Number of protein chains: 2
Amino acid sequence: MELVEIFKAFGDETRIRILNLLRNDEMCVCEIETILGINQSNASRHLNKLKSTGIIDYDKKAQWVYYKMDENFIKEYPLLYEFFCKEAEKDSKCIYDLKKWNELKKCNLGCKEIEKDKENVLKQLGRVQ
Amino acid sequence: MELVEIFKAFGDETRIRILNLLRNDEMCVCEIETILGINQSNASRHLNKLKSTGIIDYDKKAQWVYYKMDENFIKEYPLLYEFFCKEAEKDSKCIYDLKKWNELKKCNLGCKEIEKDKENVLKQLGRVQ
DNA sequence: TGCTTATATTCGTTTATACTCATATAATAC
DNA sequence: GTATTATATGAGTATAAACGAATATAAGCA
């Protein structure tokens, strides 16, 4: 992959937030949607861009698509990955997103429950300190 | 500086080529212009973007502005800088640009000589293997 | 089979970025 | 002072990227 394409892939706040989530866990689209507060189409598009740049990969499990970091990317660009993780750890939005993800995991809700009760879930997540 | 702004600054081919030149030497605008084959306004704007992101810095010497890497950037983001240098070393366009820069240095031409005889200089540079 | 859920994609719109041409500024030399 | 050289900037345009709404696909489930 061209160097410039890698930088472009990282050069968007939404994608940085997605990568911050995926450096810790694998996650399906509706979870990412909920945590970032973006719509499904937008989430899917950003994931597609990261996938086509070779930064993330996915596993299909039934109707869900679980996105995760691409191991080959980490192997090929360890310095960049380490740099990214270090910076993400310090970034307030990234920290907050991970807190929301932990809350969401506690609730133990499936994608459909989240969707059905999205407003309430978002409200709850909004209270996370 | 926001992480995303740093990635955006690196996320352009012209700026990658500029940074590749500056990781080896300091250089004035007209030299960068000539090597990259872009116009003055365009070169100046890209340099400004890199400067305002804190990646490069400059020294004014008489009417020339010599751009160079910003030492604080290298200190603050050593992993990113190392990653960039490693990748640039492997990139064919970057390698070629440095060859052109070496040719240009050999000629020992000032900015005005380059400008006066730009077509010829560019032709010469085009022959570099 | 038809219905629901999860994700991807198309289309049109908006926003951001890059570019060119022309002009402005700033330093130097005469 | 004027002329020249180097660089920066303004204005307009072109290109690319991001977005939302609606639709398509694909996998489960009744």
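Because the structure is predicted, anything quoted here is derived from the model rather than measured. Lettering follows sequence order; numbering is per chain, from 1.
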From the set C:dA18, D:dG20, D:dT7, return the single nucleotide nearest to any side-chain atom of B:Ser44.
D:dT7
Any carboxylate oxygen within less than 4.0 angstrom of a Lys/Arg side-chain nitrogen, looking at B:Glu31 and B:Lys105?
no
Candidate nucleotides D:dT7, C:dT20, C:dT9, ranked by approach to the side chain of B:Asn42 - the nearest:
C:dT20
Regarding the side chain of A:Tyr67, the nearest nucleotide among D:dA27, D:dT7, C:dT7 is C:dT7
For D:dG10, does either OP1 or OP2 sit under 4.0 Å from a side-chain N or O belonging to B:Arg45?
no
Starting the side chain at C-beta, find the nucleotide from D:dT9, C:dT9, C:dC19 nearest to B:Thr14.
C:dC19
Interatomic distance where NE2 belongs to A:His46 and P belongs to C:dA8 [whole Å]:
13 Å
Taking the cut-offs as 6.0 angstrom to the six-membered ring centre and 45 degrees off its axis, would you call A:Lys51 and A:Tyr58 a cation-pi pair?
yes
Between B:Lys86 and B:Glu89 (salt bridge meaning N to carboxylate O under 4.0 Å), is one present in this structure?
no
Aromatic centroids of A:Phe73 and A:Tyr77 separated by under 6.0 Å:
yes
Residue A:Val65, side-chain atoms from C-beta onward, closest of C:dC19, C:dT7, C:dA27
C:dT7
From the list C:dT28, C:dT9, C:dA18, which nucleotide is the closest neighbour of the side chain of B:Gln63?
C:dT28
What is the distance, rounded to the nearest whole Å, between atom CD of B:Glu33 and atom P of D:dT7?
8 Å
By nearest atom, which of the nucleotides C:dT10, C:dA8, D:dA8 is closest to the B:Gln40 side chain?
D:dA8
A:Lys61 has an atom NZ; how far is it from atom P of D:dG28, in whole Å?
14 Å
Between A:Phe84 and A:Phe10, does the ring centroid distance fall short of 6.0 Å?
yes
Start at the 5' end of DNA chain D and walk down; is the nucleotide closest to A:Ala62 or to A:Lys49 reached first?
A:Lys49
Need one value for A:Lys60: base, sugar-phosphate or nothing, where a base atom within 4.0 Å counts as base even if backbone is also close, heavy atoms only.
nothing
Atom CG of A:Asn48 and atom P of C:dT10: how far apart are they, to the nearest Å?
10 Å
